[in-house]
Amino acid sequence: MNEYISTALEWILGWSIPISIITCAPAAGWIVHGVVVRRIARMLPAVGWEPGKVILGALGRMTIFWFLLAGVYVAALTLSPKEATLASIRTWVTVFAIFSVTIVASRAIVGIIDAYAKKSEGLLPSPSIFANIARAVIFIIGILVILQFLGISIAPILTALGVGGLAVALALQDTLSNLFAGL
């Protein structure tokens, strides 16, 4: 009986620190988001810098997610798993971090395009097409960075995209010329 109790206590003590780290990390991110980001957001109207507002809006609650990712990694360190497991956790945390930065960059660029379109009404005919193209380019770059980080060679992918883009451009030459003439 004492053997089961000691095993249960070891298990509880072994997992209590990582679970508390994972639990407290988003709370710390929430506090940082609430204090730092909101304080910066309150200072921006006095300055009147529109891209700053857009960037803060793009951040959204990503600071909480980034703190969660850091908490997962620190919790994995406290468990002191095997090196292969720690490397796998580090890889996935980095992949999620790169993807979240890609999301923030996409939101920021699209927000800046929308702010510029509102500022210069009539000069930019359809900002949605520019926003969608910017969003697609940023997500493609983010995915290529993730693939490169995972060790997948992106040179053949870029070559295929280049050749495919050339083929599509030649096939849709008249349509694309009409599109750009309309813009």
Side-chain angles (χ1 to χ4, degrees), residues 8-120 124 127-128 130-152 154:
L9 283 175
E10 286 177 21
W11 186 83
I12 289 172
L13 290 175
W15 282 92
S16 63
I17 293 173
I19 289 173
S20 63
I21 290 172
I22 291 174
T23 305
C24 292
W30 185 71
I31 291 170
V32 167
H33 176 76
V35 173
V36 175
V37 174
R38 288 191 182 158
R39 186 169 291 169
I40 293 171
R42 276 189 236 125
M43 290 180 351
L44 282 177
V47 177
W49 193 54
E50 186 68 28
K53 295 175 190 174
V54 171
I55 292 170
L56 282 177
L59 273 175
R61 302 222 182 256
M62 280 296 180
T63 52
I64 299 169
F65 181 69
W66 292 332
F67 271 80
L68 175 66
L69 286 177
V72 167
Y73 183 68
V74 170
L77 287 175
T78 60
L79 282 176
S80 65
K82 297 176 185 173
E83 188 63 34
T85 306
L86 191 59
S88 176
I89 291 171
R90 184 182 312 124
T91 300
W92 283 107
V93 165
T94 306
V95 165
F96 283 125
I98 292 170
F99 191 70
S100 66
V101 168
T102 303
I103 290 171
V104 170
S106 171
R107 289 178 187 169
I109 297 298
V110 168
I112 290 172
I113 290 172
D114 287 341
Y116 180 73
K118 288 177 187 174
K119 189 176 182 180
S120 60
L124 201 59
S128 65
F130 295 116
N132 289 335
I133 289 171
R135 185 178 293 124
V137 167
I138 290 171
F139 273 106
I140 288 171
I141 290 171
I143 290 171
L144 289 174
V145 169
I146 289 172
L147 290 175
Q148 183 69 33
F149 178 77
L150 292 175
I152 299 170
I154 62 170

- Task: Count the heavy atoms of every other residue, nucleotide or ligand shown that sit under 6.0 Å from CZ of Phe139, and state whether that count exceeds 12.
- Result: yes
- Query: How many angstroms lie between CD1 in Ile141 and OG in Ser106, if you round to the nearest 0.5 Å?
  - Reply: 11.0 Å
- Query: Distance from Leu69 atom CG to Ile22 atom CD1, nearest 0.5 Å?
  - Reply: 11.0 Å
- Item | Thr91 (side chain) donor-acceptor with Ala87 (main chain) under 3.5 angstrom | yes
- CA sep, side-chain torsions, deciding dist, call: Trp66, Val104, side chain to side chain contact (heavy atoms under 4.5 Å, CB included): CA-CA 12 Å; Trp66 292 332; Val104 170; 4.0 Å; yes
- Between atom CG of Leu68 and atom OG1 of Thr63, what is the distance when rounded to the nearest 0.5 Å? 11.5 Å
- Message: So, taking the atom named CZ in Arg135 and the one named OG1 in Thr102, what distance separates them when rounded to the nearest 0.5 Å?
- Response: 13.5 Å
- To the nearest 0.5 Å, tell me how far Ile64 CD1 sits from His33 NE2. 5.5 Å
- Task: Starting at OH of Tyr73, measure out to CD1 of Ile89 and round the result to the nearest 0.5 Å.
- Result: 9.0 Å
- Could you walk me through whether Phe65 and Phe96 pass the side chain to side chain contact (heavy atoms under 4.5 Å, CB included) test, one step at a time? CA-CA 9 Å; Phe65 181 69; Phe96 283 125; 4.2 Å; yes
- Query: Can you tell which of Val145, Ile143, Ile103, Val93 makes a side chain to side chain contact (heavy atoms under 4.5 Å, CB included) with Ile98?
  - Reply: Val145
- For Pro18 against Ala75, the heavy-atom pair lying closest together: O-CB, 3.6 Å
